[in-house]
Structures are given as C-alpha cells and as structure tokens.
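What follows is a set of notes on a single structure, which appears directly below.
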Amino acid sequence: MFVIYMDNAATTVTSPEVVDEMLKYFQILYANPSSSYEFAGESRKAVEHARKVIADTIHAKPEEIFFTSGGTESDNWALRSVAKACKGKGKHIITSKIEHHAILNTVKNLEDLGYRISYIDVDEKGVIKLQQLIDTIDRETILISIMTANNEVGMIQPVREIGKIAKKYGIIFHTDAVQYYGHLPMNVKELGIHMLSVSAHKFNGPKGIGFLYIDESLDKVPMILGGGQEKGMRSGTENVPSIVGMARAAEIAHENILKKAENLAKKRDYFIRRVLHEIPFTRLNGARNARLPGNLNFCFQFMSASELLAILDLEGICASSGSACSSGSSSPSHVLTAMGIEDEMAYSSVRFTISEENSYEDIDYVIEKLKIILKEKRKDNRIYRYYNGDN
Ligand SMILES: *Cc1c(COP(=O)(O)O)cnc(C)c1O
C-alpha cells in the first residue's frame, strides 16, 4: 500500500530494532518474572534493566518508574493517586483547557466525586497563562496537571516555570509528557516535575505500554490491585516484551536526540514556509517557536478539514484533524477553541505530524497535492470566489 504517513502524533511505526529485541522475550525468555526458578531471573533482569534505562533518560531513580499500559493509564493513575492520597489536604485540582481527554475525562470524573477543578486558559498561540495559574492556586490546591507539549498544535508549555510555582506553593506537579518524551530531552528533577506520563507508541515503541514516573517523596495509591507487581502499585504480570521494547525505543530515541530534533524542525519549517507562501488563505495554528519539531497545524480557509482529509486519504496521505480520539466527533477541537479560533476556522484545520521517516520529497509531494486539491475545491466556496474576484 502506498502511504505517506504524517500522523505521528497519533502513533509511530515500531522500529525494527525494537521488534527484534521484543521477539526474544516472546519466544525464548518468556518466563513470568515472578516465578522463582532461575529461568525467570532472565525476565526479571530484563524488566529491571529496562526500568534503569528509562529512569536514566529523565534523570530519575529506577524505583520511581512504574510500568503501565500507556499514556491514558498513566494519566488516570497520576490524577486519581494524588486525589486520594491528598484529600485530607484539599480537593482542588488545577489543569488546563488543552489537555488530552485522558486528563480531561479523569478530572471530570473526580469532579463528580466532589473535587473542585480549575481549567487554565491558553493564549492565542496555545500557551497556558502562568499568571492565571498562580491566581487560581488556593489553600485547597493539591495538584497541578499541565501537559509538557500539546498533541494538536504541538505547543511546548512553560513546564520549568510551572515546576517553580508548584514548588513555591508546595503543590504536586504532574505533566503529560506523551508528545514530548523521546523527541526532546527532559530532566524531571531540574524541572520540578513530581509525576510524568509517557507512552511508548509515540516514540517508535510498541502500543499498549508506557510508564508513570512518581517522585519517591510522594504518597502513592495503587492503580491495579492483585498479585503485587510493581511494588504493589500496579498488579498484573509484567508485559515483559513490551517493557523491553519500550526501553529499547527510549534508548534509540535519546541517541543524538537534539540533533534529530533539529533536523526534524528544519523539515517542519520548510513545510510551513512553503505552505504559507504557496497556498493562499492559509494560517499556521500556534506559534512557530516553542513547537514540537514534528508538528504542523494549518487552517486552510474555505475548505472543510474532513473533506480535505478524505481526499488526501485517497492519495495515500495520512494526516488528521486534531486528536485521533476526536476525529470522529462533530464538535470543533477543544484545543483550537481554547486558543480563541472560531469554529469555522477550527473545522478547516488539519494537523500533519512528521517524523524522521518523512523525506523532503514526501513533503514536496504533499504540498503539490494540497495545492491541487485546494485550488479545485475552494472554487465551490462562494466567499472564496468573491475574494478572488470571479463571482
Ligand atoms: C496519545 C496521547 C495520550 C494517550 O496515550 P495512549 O498510550 O495512547 O493511551 C495521552 N496524552 C497525550 C498528550 C497523547 O498524545
């Protein structure tokens, strides 16, 4: 099948090296790490090695890394754990309007359970308002959960500043780093992050595996009860092949991570420059700087995003309108809405998330297709015809 895949924020290809590494733990070293014979020692060693590899990538301790089924579970766990462990101190949680639904739907549930939730606004570029965050803190605030970088517009949030604020007021700081981790380096201790959610399939690891970093000083509440794996915090037989695969993907991702990010950002900027210069009535959603290296989010005025995506799909081009979870829904993206973008513009917005695998030729190909499609389809739009003088 001919495919130009530009939806890497939805998921990424699993690297062949990662699959290779995993195969051994399906077929040869398949013992349950909890078993007591020597053969199981190999599985245990593999899991603990993976924990160490991952801890090193964020400058944490291995004891602070807990394996989960992915970003959604890590987000659910982080919020519920703090909510339960700290409810004696207060029931106020601060998050933002641009979080992933793994956060938004969890805080909504906590709200039903009697917690008070504040949603911080973002500016027109998609960056959260720090002063509002400070002003929202009160004596009951137990948790700030703000994502490291947004999945739709790729805006990197002022995590360092949030970490400082959280420290000053003695509040726990959780960040959903699913889009950021593995693409740019991070040091949780330096940034003042107490909890961090990661998912392997967003950085060329397997699907259905991730981790939650929990600072050792925090009180924890288990996510899943059972046989006591993960120090009793997240029971269930360890997914050894996936854990090993995630660690391998993390290792690969962190080799020359800045150089790779720089190269990808160059491709992104080339893509942005050409689209804005060569396609009229087009805007970039979000700022050009402080943006994830692989993210582009354009508003093509006078064109419906769903129609554009359907035509691109026929051409083998995979892109998306915001998040994979909301692409089937009929309401505009909550992220674009929070940025003050009118519904009509939001409905015309398309996200491309590129990776190392995309060549400059791929980008050229997509741009040529975009030009042809938009030229043809926009003619159907009365207002477009008016602006172009051919009424
Ligand atoms: C993909 C994503 C998630 C969910 O991760 P899964 O591993 O797919 O459950 C959470 N947050 C953000 C920002 C994401 O992009």
Side-chain angles (χ1 to χ4, degrees), residues 5-14 18 54 65-80 95-109 119-120 122 126-128 145-157 159 162 174-184 186 193 195-213 223-224 234 239 242-243 245-247 249-250 253 286 290-297 318-329 333-336 338-339 351-355:
Y5 186 76
M6 294 193 173
D7 199 15
N8 286 279
T11 196
T12 58
V13 64
T14 312
V18 168
I54 284 166
I65 305 297
F66 295 86
F67 297 121
T68 66
S69 67
T72 302
E73 184 185 324
S74 296
D75 283 345
N76 269 259
W77 185 12
L79 301 180
R80 290 170 201 277
T95 185
S96 83
K97 289 192 175 160
I98 60 163
E99 297 298 310
H100 189 275
H101 283 107
I103 295 290
L104 293 177
N105 286 332
T106 306
V107 290
K108 212 189 283 170
N109 177 249
Y119 300 88
I120 304 303
V122 294
V127 178
I128 75 131
S145 178
I146 308 266
M147 66 203 320
T148 319
N150 180 262
N151 45 308
E152 294 193 29
V153 292
M155 297 313 296
I156 297 168
Q157 302 300 321
V159 171
I162 301 169
H174 165 256
T175 188
D176 174 337
V178 174
Q179 289 292 331
Y180 190 95
Y181 177 88
H183 302 281
L184 286 164
M186 63 195 312
I193 296 166
M195 297 174 117
L196 170 120
S197 300
V198 168
S199 175
H201 75 100
K202 303 288 175 80
F203 60 95
N204 306 104
K207 293 169 183 59
I209 188 78
F211 69 86
L212 179 65
Y213 149 78
M223 180 61 192
I224 299 179
R234 204 279 186 182
N239 187 345
S242 292
I243 289 169
M246 170 164 66
R291 191 178 193 105
L292 285 174
N295 177 289
L296 307 98
N297 192 313
C318 305
S320 117
S321 58
S323 68
C325 332
S326 63
S327 57
S329 97
S333 144
H334 68 285
V335 175
L336 298 179
M339 289 161 66
R351 177 188 75 182
F352 298 92
T353 40
I354 58 171
S355 77

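As the structure is a computational prediction, the values presented were derived from the model and not from experiment. Order of appearance sets the numbers: ligands from 1, and atoms from 1 within every ligand.
Between the side chains of K207 and T11, at least one donor N or O lies within less than 3.5 Å of an accepting N or O. Side-chain contact annotation: N76 with T106, donor-acceptor N/O pair under 3.5 Å present. Between the side chains of N109 and R80, at least one donor N or O sits under 3.5 Å from an acceptor N or O.
Annotation for ligand 1: atoms under 4.0 Å from non-hydrogen atoms of V178 are 1 (C), 2 (C), 3 (C), 10 (C), 11 (N), 12 (C), 14 (C), 15 (O). Of all atoms in ligand 1, numbered sequentially from 1 with element shown, those under 4.0 Å from a heavy atom of N151 are 13 (C), 15 (O). Ligand 1 places these atoms under 4.0 Å from at least one heavy atom of G70: 7 (O).
Nearest residue to atom 7 (O) of ligand 1 from G208, S197, S199, G205 is S199 (criterion: closest heavy atom). Around atom 5 (O) of ligand 1, the closest heavy atom drawn from G210, G71, S69, A9 belongs to G71.
Of all protein heavy atoms, the one closest to atom 14 (C) of ligand 1 is K202 NZ, 3.1 Å. Atom 8 (O) of ligand 1 has H201 NE2, 2.9 Å as its closest protein atom, hydrogens excluded (heavy atom only). Closest to atom 4 (C) of ligand 1, if we only count protein heavy atoms, is T72 OG1, 3.5 Å. The protein heavy-atom contact nearest to atom 3 (C) of ligand 1 is H100 NE2, 3.5 Å. Of all protein heavy atoms, the one closest to atom 15 (O) of ligand 1 is Q179 NE2, 2.6 Å. Atom 11 (N) of ligand 1 has D176 OD2, 2.7 Å as its closest protein atom, hydrogens excluded (heavy atom only).
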Mind running side chain to side chain contact (heavy atoms under 4.5 Å, CB included) on L104 and K97 for me, showing each step along the way?
-> CA-CA 8 Å; L104 293 177; K97 289 192 175 160; over 6 Å; no

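Looking at I354 and L296, their side chains come closer than 4.5 Å, going by heavy atoms from C-beta outward. E99 places none of its side-chain heavy atoms less than 4.5 Å from the side chain of V335.
Checked against a 6.0 Å centroid threshold, the rings of F352 and Y5 do not count as neighbours.
Once rounded to the nearest 0.5 Å, the distance linking OG of S197 with CZ of F211 reads 9.0 Å.
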